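Written below as structure tokens is the structure these notes are about.
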Amino acid sequence: MKYTVTAKEGGLVKADILVRFFGKKEFKRDAAKVLGALGIVAVPDDDFKASAGEVAMLYRQTSGKGALRVMLAGVGEGKTAEEYRKAADAVARKAVDLHLGVLALDCSPIDEWSKQSKQKPEALASILVEGALFGAYRFDRLKSGKLDKEEKDSDKPKAIEELMLAGCGDRLDAVEKGAKAGMIVGSCQNQARDLVNLPGNHLSAEELADAAIEAGKRGGFEVTVFDKKKITELGMGGLLAVNKGSLEPPTFTILDYKPKGKAKKTIALVGKGVTFDSGGISLKPAQGMEEMKSDMSGAAAVIATVEAVAGLGLPLRVIGLVPATDNMPSGSAQKPGDVITTMSGITVEVGNTDAEGRLILADALTYAKKEYDPDVIIDLATLTGACIVALGNSVAGLFSNEDKLAESIFEAGQSSGEKVWKMPLWDEYDELIKSDVADVHNTGGRGAGSVTAAKFLQKFIDGHKRWAHIDIAGPAFPAKGGSKTPGATGFGVRLVLDLLKSWS
Ligand code: BES
Ligand code: MN
Ligand code: ZN
């Protein structure tokens with residue numbers, strides 16, 4: 001999908017469909033006039049309420065050079081960025097379903113949207129493009145089309161080819177700038193979704209590392225991949241223990257973006273990269289196990305975020321750290337009860353081999369602190385089913401040892417629409433992960449599973465003062481029916497980008 005920006009009026013530009021956004025109030029006020037000018041007589045009252053994400057199709061009798069189809073898209077109250085994102089998402093989703101190639105979005109009311117939402121025109125343009133890319137996303141690269149000849153041979157567009165932002169008037173430059181940024185954010189987020197949707201046999205730890213290398217080439221930043229030998233030399237005992245049952249070697253990938261000028265801050269982003277989580281010897285039940293191809297969603301979000309930061313040229317140094325392996329049962333796999341030594345020297349009793357994410361993250365956190373001593377460390381991980389029980393499929397769990405950082409991440413969640421909710425890290429929970437034979441136990445019993453997992457991670461930050469852990473198990477890969485497009489959401493990319501933008 002490419003975008004274009006024009007001052008020309010939406011109703012006059014050549015496109016397959018003209019999209020007109022309306023807030024609830026504006027629809028009551030302006031519908032007759034706006035639609036009348038397009039040669040549309042009336043819209044029955046109940047057919048369209050202009051709620052955010054609601055769309056309705058209308059058709060003009062004659063349109064000259066302009067589009068014959070008109071889509072009404074609701075933005076609800078039009079007061080938050082989220083409402084505009086939702087609207088663009090719904091528009092693009094519908095357009096792909098209808099096989100429409102060229103969309104013209106009428107942006108003529110952009111100053112009014114800007115006033116209502118307190119978002120600059122540039123930011124709104126970015127949000128519209130991000131939302132459109134999000135809604136247009138389909139994961140079809142593993143479909144050969146062999147069994148669906150009609151679909152394959154049809155010459156109708158299978159994706160949106162062009163998104164035209166029309167009617168921009170004297171906001172042309174701002175819209176252009178915003179749209180460009182929106183393309184970067186939206187396409188990076190969709191890259192993350194692709195990685196997550198790829199199943200275990202299409203994405204090994206080495207292939208995940210290759211994806212990071214590709215991101216580095218596109219974004220112009222350095223990527224280093226440690227192989228098993230180097231990982232062994234470094235003593236990353238957590239990553240090696242989880243990898244023991246596997247036929248494929250682990251990788252540890254470092255993405256290092258340095259801005260042109262002086263960096264305002266250094267941020268380390270750590271992402272869980274379990275390419276498939278069978279549970280290991282503590283094998284998971286068959287039901288739903290295939291969803292565990294998504295257990296590298298944290299890693300995908302980190303890779304995509306670093307690429308987007310580079311694309312946007314933010315004045316921050318951002319280091320991505322991705323420990324990766326699958327978690328498999330076999331004769332060589334680690335066993336429940338094993339005691340391992342992590343890179344930090346801390347020993348861990350592995351009570352349950354299915355609590356593997358924290359083991360590989362432990363080493364990555366140690367490495368982040370030791371090697372870079374960054375201003376901020378943030379890890380993203382599909383860490384616990386317990387977090388889904390607590391918060392459901394649309395909200396991530398947030399854990400942090402610094403209130404101001406937690407507050408900033410919460411705000412970024414609100415503005416990006418990728419919401420987080422803060423959970424406690426109180427000392428009481430330490431009792432639950434005590435081990436009789438090692439320094440710490442990798443599980444904490446039935447209660448507070450997402451908190452004990454976070455408490456475990458906290459032991460490996462070595463006293464770092466600004467750390468946050470985001471458990472994205474729920475929103476990264478919502479269960480069937482949990483989101484409009486099946487599969488991966490790329491959750492975390494927009495969240496962390498909004499946070500990083502606020503520091504830029
Ligand atoms: N990858 C899972 C967590 C998960 C579950 C993510 C469902 C997404 C959806 C993680 O490795 C895991 O298995 N956690 C265990 C921990 C337990 C053994 C202490 C869990 O949540 O059951
Ligand atoms: Mn597991
Ligand atoms: Zn896992």
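Indexing begins at 1, ligand by ligand and atom by atom, following the structure's order. Since the structure is predicted, the reported quantities are computational estimates derived from the model, not experimental observations. One is the number of the first residue; the rest follow in order along the sequence. These values consider heavy atoms only, across backbone and side chains, with no hydrogens, waters or symmetry-generated copies.
A salt bridge links R218 and E307; the closest N-O separation between the charged side-chain nitrogens and carboxylate oxygens is under 4.0 Å. Classification of D375 and K265 as a salt-bridged pair fails, no side-chain N sitting under 4.0 Å from a carboxylate O. Salt bridge annotation for D89-R93: present, with a cationic side-chain nitrogen under 4.0 angstrom from a carboxylate oxygen. Taking a cutoff of 4.0 Å between a charged side-chain nitrogen and a carboxylate oxygen, E407 and K404 do not qualify as a salt bridge.
The local environment of NZ in K293 is crowded, with over 12 non-hydrogen atoms from other residues, nucleotides or ligands closer than 6.0 Å. Remark: W503 CH2 is packed, more than 12 non-hydrogen atoms of other residues, nucleotides or ligands lying under 6.0 Å away. For L142, the CG atom counts as densely surrounded, since its 6.0 Å shell holds more than 12 non-hydrogen atoms of other residues, nucleotides or ligands.
Counting heavy atoms under 4.0 Å from ligand 1, residue E291 does not touch it at all. Here I388 has side-chain heavy atoms under 4.0 Å from ligand 1, and that is the only part of it that gets that close.
In terms of polar-atom proximity, defined here as any N/O pair under 3.5 Å, K272 does make such a contact with ligand 1. For ligand 1, the polar-atom distance check against E356 finds a nitrogen or oxygen pair separated by under 3.5 Å. Note: an N/O pair closer than 3.5 Å links D295 and ligand 1 by distance alone. In terms of N/O distances under 3.5 Å, ligand 1 is not approached by N352.
Near A473, meaning under 4.0 Å from one of its heavy atoms, ligand 1 places the atoms 6 (C), 8 (C). Interface of T443 with ligand 1, defined as ligand atoms under 4.0 Å from a residue heavy atom, comprises 19 (C). Annotation for ligand 1: atoms under 4.0 Å from non-hydrogen atoms of T382 are 1 (N), 2 (C), 3 (C), 6 (C).
If you put the vertex on the Zn ion (ligand 3), NZ of K272 and OD2 of D295 sit 90° apart, to the nearest 10°. For E356 atom OE1 and D277 atom OD2, the angle they make at the Mn ion (ligand 2) is roughly 100°, to 10 degrees.
No donor-acceptor pair under 3.5 Å is formed between the side chain of D379 and the backbone N or O of V270.
Considering each of G280, S282, A479, G385, the one bringing a non-hydrogen atom nearest atom 4 (C) of ligand 1 is G385. For atom 15 (C) of ligand 1, the nearest non-hydrogen atom from the set T452, N442, L359, D354 belongs to D354.
Given atom 2 (C) of ligand 1, the protein heavy atom at minimum distance is D277 OD2, 3.6 Å. From the protein, the heavy atom lying nearest to atom 10 (C) of ligand 1 is L383 O, 3.3 Å. Protein heavy atom closest to atom 8 (C) of ligand 1, with residue, atom name and distance, is M292 CE, 3.5 Å.
Residue R358 places a heavy atom less than 4.0 Å from ligand 1.
Restricting E356 to its N/O/S atoms, the shortest distance to the Zn ion (ligand 3) is reached by OE2.
Between T452 and H441 the shortest side-chain heavy-atom distance does not fall below 4.5 Å.
Classification of the F252-F226 ring pair by plane angle, with boundaries at 30° and 60°, yields parallel.
Taking backbone and side chain together, D277 holds an N, O or S atom under 2.8 Å from the Zn ion (ligand 3). At a threshold of 2.8 Å, the Zn ion (ligand 3) has no backbone or side-chain N, O or S atom of V274 nearer than that distance.
For the pair R193 and F134, the cation-pi criterion (under 6.0 Å, within 45° of the ring axis) is fulfilled.
There is a side-chain donor-acceptor pair under 3.5 Å between T347 and D439.
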